[in-house]
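Everything below concerns the one structure shown next.
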Amino acid sequence: MNVDNLLKQLSTKEKIGQLLQLAPFHFNVDLKSEVAGRVRSLNIDTEGIFLSGSVLGIRNAEEMLDIQKKYLDNSKHQIPLIIMADIIHGYETIFPVPIALASSFNPRMAFETARISAIEASTAGIHVTFSPMADLSRDPRWGRVVESFGEDPYLAGVLAANMVKGYQNDGIEKVGNLAACVKHFAAYGASEAGRDYNTVDVSRTALHNTYLKSYKKALDAGARMVMTAFNVLDGVPATINQYLLRTVLRDLWKSDVVTISDYDSLKQVLDHGCAENEKDAAYRAIQAGLDIEMASVCYVNYLEKLIEEGIVDIQKLDEAVLRVLNLKKDLGLFDNPYKGASVVREKELLRSKKHFEISKKIALESAVLLKNEKVLPLNKKQKIALIGPYARSKSTNGPWSWHGNIEHNKSLEEVFVNHKINLVYTSEAESINQIEHSDYDQILKADMVVLALGENTRLSGEARSRSDIKLPNQQETLVKMSHTLNKKVVVILFNGRPLDLTNIIESDAILESWFLGSCAADAIFDLIYGIANPSGKLPMSFPRSVGQIPVYYNHLNTGRPLLETNKNNEFLSRYLDIENTPLFNFGYGLSYSSFIYSNLRISQLEFDVDTQLRVSIDVTNESQIPGYEVVQLYIRDHTAQISRPVKELKKFEKVWLGSKDTKTVEFSLDIHDLSYYDAYGNEIYDSGKFTIMVGSNSQETMKIDIWLKGVKHDYQKQSSNQSS
Ligand code: GLC
């Protein structure tokens, strides 16, 4: 298909139609669509509907085939619809939520999650997924940390890139693959006070050094679309932000991907107070470089008029439409508008045994053992009291899993019974108030109390921010009750954000299981009974209190840092009532194995900008239990033109170590691992001292100092830059 010629045949109205995305119900009004509630009010006429370019959300192959056929029967130029949907961590086989996937620190798990999601979703004729979400977040009050890869730019970038590769695999034109749309561009995770849709105000250096990196890695991996965020940046809504959509995306990154708004985020520009009316909003969006408008009609209602009035150059419209037509061509839709949709493949592939096995494998690597006072692994002879809101719950899919049916999941109780564990007491009680006095006799018979605690899945996700990040509904009282009954207690957490666990830290063991998806209960059972060995690491710090937020590992030093060496000094950056450090730090996670690090070495201590550094360390599993260890490499740049974090993750490797095994783990570093960006997005590196830190988490590392030679600090250049 020659899309340049096709574009020439389109009227202005037909071109504008390609930039509209509607919910499926518009094409077949007797369909109930779960995402379309607010779209009904668009008052768009039939002509407008059959000129639109793409569909948001679809339920199955039958619906897709019906809509695409109905559309093409009414389409003069036979330009097929693109079918897009939110396939975030699985389609019908549900995988661990992204924050859990990030805890695996295993890029292969991200690839496989996306791979199976694409295979399943494409059977419904879906062509594009609004994933990966690459928003970096340091605020667990924000409900959407559940969809994120946590607080570190490098980890988030590696996982986002691997999800893109998993979705797109050997080409988006192929059946079984999806085009990836990275979101939400940009810095949505920095919403003030962790309140969703709230103001974002970050500096340009923070933008380039922290928030933009993961989107860039997804684009470098080949993502074909970018979705704009709801928030403002520099006071300008991301959906009409020229700095983001033209300066960064087109000029700096040389990207020609399609841009799409978030759900009616273009119309929301009026609520932001950045457009008088929808005509203004349309003008600012097309000037900024927004292509597709999702679920609002500013373009449809005003773009033609703006062009007729000579306010908008039609070339801007042509650019946007050409990007959309090229995406349709690259998806193979001109050759086969029904690509992928197959009732037969749906029956054969959805929730297959193989897919569930892969989901369980990923779940096993995504849980994080936070504490274990020699009570785990349990043995099957122990009598167990299983208590808590997740004792009998199957709701382990987490948010953004609407194609997943929890009826296909198991509950913890079910799995315990299947394994013939002696459950002397089971209750879904959320607090001590819900435990009958008569029950205590039963609980006293137990050798161990297992508490299945956490957040209802509707406390995480979009529009699900919390001001208090403790366990809800006094669940903490169950820990105290267990200890009052002189019982050891294992806590299993089901939650979508780092929680304030200060009040349950006296538990004898804590397993953070997040929302592990379709096979959560089986995976948790294997982990607490030692059939599998926990290997997850935290992708986000767990605060001691909500008052510490934001608390994150890659923080700046400040001019008055609180250190071990000066903590008696009063005038330091500190609280009067709590430590600065989080309760659990980034990169932390226990294993049943015991790993010892030794012999950190580096190819040279002095290097220049062309040097390829090799860092090696020996890791020994001194236990009898084989297991995975995530070896993490951090750097510190001691002197630069801007203040640099006290440490930054730059490499990691997950290695398997048998009992008494020793492995030498090697990393290579170059100048781009040590550089940073100025406020203009220019890469900078300065001579001077760096520290390389390698270890099991961000706080426990071996260190070695190295020196970059031959690059002088050009402070003059930096200040002159700022004037330009
Ligand atoms: C939502 C979300 C976005 C999602 C889109 C389409 O509001 O912000 O992540 O992809 O709408 O459902």
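Values below: every heavy atom of this structure, side chains too, minus hydrogens, waters and symmetry copies. Here the structure is a predicted model, which means the values were calculated and not measured. Atoms within each ligand, like the ligands themselves, are counted from 1 in listed order.
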Nitrogen or oxygen atoms of Y263 and ligand 1 under 3.5 Å apart: no
Check: V182 and M133 side chains under 4.5 Å, non-hydrogen atoms: no
Under-4.0 Å heavy-atom contact with ligand 1, by part of E147 that carries it: neither
Any donor-acceptor N/O pair, Q68 side chain to L81 backbone, under 3.5 Å: yes
Proximal atoms of ligand 1 relative to H184 (non-hydrogen, under 4.0 Å): 3 (C), 8 (O), 9 (O)
Contact check: R144 vs ligand 1, nitrogen or oxygen atoms, below 3.5 angstrom: yes
The one among L56, D262, I88 that brings a heavy atom closest to atom 8 (O) of ligand 1: D262
Element-labelled atoms of ligand 1 that are located less than 4.0 Å from some non-hydrogen atom of F230: 7 (O), 8 (O)
Heavy-atom side-chain proximity of L136 to S148 below 4.5 angstrom: no
Identified salt bridge (Lys or Arg N to Asp or Glu O under 4.0 Å) counterpart of R351 within the set E346, E92, E120: E92
Heteroatom proximity flag, K183 to ligand 1, N/O under 3.5 Å: yes
Any N/O pair E462/ligand 1 closer than 3.5 Å: yes
Flag side-chain contact, heavy atom, 4.5 Å: V128 against L331: yes
Centroid-centroid under 6.0 Å between F95 and H89 rings: no
Sub-4.0 Å atoms of ligand 1 with respect to non-hydrogen atoms of F130: 10 (O)
Q18 versus D291, side-chain donor and acceptor atoms under 3.5 Å: no
